[in-house]
Amino acid sequence: MSTRITVAHGDGIGPEIMAATLRVLEKAGAALTIDEIEIGERVYKSGNTSGIAPEAWDTIRQNKVFLKAPITTPQGGGYKSLNVTTRKALGLFANIRPCRSLHPFIRTNHPNMDVVIVRENEEDLYAGIEHRQTDEVIQCLKLISRPGCEKIVRYALEYARNQRRKKVSCFSKDNIMKQTDGLFHEVFREIATEYPEIETDHWIIDIGAARLADTPEIFDVIVTANLYGDIISDVAAQITGSVGLGGSANIGEQCAMFEAIHGSAPPIAGKDVANPSGLLHGAIQMLSHIGQGEIGARIHNAWLRTIEDGVHTEDIFRHGLSKQRVGTKAFADAVVDRLGEIPQTLDPVAIGAGKAIVIEPYKRNQPASKELVGVDVFVHWAGVNPDELGELLNKLNNPQLSLVMITNRGIKVWPGGFSETFCTDHWRCRFQPAEAGAIIQPLEIVSLLQRAIDADVDVIKTENLYLFDGKQGFSLGQGQ
Ligand code: NAD
């Protein structure tokens, strides 16, 4: 049965590499019905700052599967990145980037690398919630949600199962961010138990990234949060030696978008020299996503064979390694000619049963019992001696809420701080009931804030301290 997809030919080299990609898909027998839309430079320049017209959105939302060539984002003029808009608007929570070495045909220091990075795509520091709070300090909120973690972890494990991969590694920094990254790791541990055939492990992001750059062959699938994934997916693509060949998938609960990693390369546009491989790899991921994985594998193997045979476009042509320098169209022809063949030196790809990956919709848990046990009051104060601030704030105490700690950039500076600790003008002042573990009412916080205002304390924000089912929902101060 044919799947209806939306195709955008893009800008620069986009139309050439899309034509080459679609030709290979057609010759391989992909069952697709194509609706074309226009996005990118011409749309931007017609005065639409998002680069996409409302009718094009309708087509994308109706078809749910979107194969997108790179576009040119005009400089300045308030033009918004279409990629970011598309990811967020369509809820494309997962970014999947396979990074595989093609040694000895493409030069790399890591001949045995074959890693897939599964990056959470919607939350973390990319929520873009930032506030300047004092003269010296600006805050960016890192939001990690249980649904966000469950969806991405489940996708990574389902992907591993579908692609017959053996191991999934979780990268986080839960030794420092015990609540946010702690949740990511906890969800990974929970859900991994549902996939007993897949080996799982966890790495602290810094050493994990170092090992990925140094010994990538120890990894198979890596799942991680947005910022870490953004960084390590570029590192991983780069060290395969073939960043120009990579494709990526952006998957949501309802829609998905597939593309090349690279941009529109305006200087080489229209010259029939661009390499269509990145977009072709995006398309191979698309075929797997829509349940035509066997055709995707057929194309992938023909492509590997083309690379092995030394039929290379300009960007990957190396004297001694390459045999035939070809243009965009001739490269696509070479892949078509090899459909049905498998590589001789490189490992052929074996894609599962070609079933589409289906993630169960998120089911909300029973709400936890939530108890208010204190408040962190953030204060803008230009003094330097935390003892003076402690003395000032101690005057606000009552039995329901009294000052227990002040931190500066997370380090406890009162009571009993070190004179060596550098302090900014941004202070987190924790108030809890005098009686340990007592529960307070929200109005106690309002009354504390009133006392603070009366005492000329510059309160910039508050964060409530909760227990969820008796478990602490906030971090301790470093050194507390
Ligand atoms: P680029 O990826 O277009 O080009 C970087 C270098 O790689 C250039 O030397 C280019 O010639 C080469 N290159 C890229 N793709 C190639 C291919 N398929 N075959 C051969 N060589 C290739 O990055 P850039 O120059 O920074 O950006 C150009 C435009 O692309 C900008 O307007 C940028 O905003 C846009 N862009 C779009 C996307 C997207 O649509 N997903 C992604 C990145 C950049």
Side-chain angles (χ1 to χ4, degrees), residues 6-24 37-45 48-52 56 60 66-90 92 95-97 102 106-107 119 121 230-231 233-234 237-238 240-251 256-286 303 306-307 311-318 322 325-332 334-335:
T6 305
V7 164
H9 291 264
D11 301 316
I13 59 171
E16 298 158 67
I17 60 173
M18 182 58 87
T21 298
L22 293 178
R23 202 170 107 67
V24 175
I37 58 164
E38 195 183 337
I39 56 167
E41 207 170 12
R42 278 214 347 234
V43 184
Y44 280 121
K45 291 199 166 155
N48 182 329
T49 54
S50 64
I52 178 167
I60 292 173
F66 180 23
L67 181 62
K68 174 182 160 294
I71 59 159
T72 303
T73 313
Q75 299 285 307
Y79 300 113
K80 297 195 189 74
S81 155
L82 184 59
N83 266 8
V84 176
T85 310
T86 312
R87 278 208 304 263
K88 290 199 167 174
L90 298 179
L92 308 181
N95 179 266
I96 321 299
R97 191 182 287 188
L102 298 161
I106 305 286
R107 196 168 298 141
R119 162 191 171 194
N121 225 2
D230 192 1
I231 298 165
S233 61
D234 270 15
Q238 180 72 33
T240 58
S242 59
V243 75
L245 307 184
S248 94
N250 293 277
I251 310 281
M257 173 174 82
F258 303 87
E259 61 182 343
I261 296 174
H262 61 73
S264 58
I268 58 165
K271 297 182 177 161
D272 190 41
V273 294
N275 190 338
S277 299
L279 188 57
L280 189 63
H281 279 123
I284 291 168
Q285 287 180 273
M286 176 187 77
W303 179 83
T306 309
I307 296 293
V311 182
H312 293 169
T313 43
E314 179 71 38
D315 55 311
I316 54 170
F317 191 89
R318 298 282 176 278
S322 309
R325 191 191 304 252
V326 290
T328 313
K329 286 194 193 111
F331 183 84
V335 176

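When a ligand or atom number is given, it counts from 1 through the structure's own listing order.
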Student check: side-chain heavy atoms of N83 and M257 closer than 4.5 Å: yes
Considering only heavy atoms from C-beta outward, does the side chain of D11 approach that of Y44 to under 4.5 Å? no
For H312, all residues meeting ring pair (Phe, Tyr, Trp, His ring centres under 6.0 Å), sequence neighbours excluded: none
Kindly give the heavy-atom pair with the smallest separation between [X] and [Y], and that separation in Å.
| X | Y | value |
| --- | --- | --- |
| L245 | H281 | O-ND1, 2.8 Å |
| T313 | A274 | CG2-O, 4.0 Å |
| I52 | A56 | CG1-CB, 3.6 Å |

Those residues with a heavy-atom separation under 4.0 Å from ligand 1 are I13, K68, P70, I71, T72, T73, N83, E259, H262, G263, S264, A265, P266, I268, A274, N275, D315
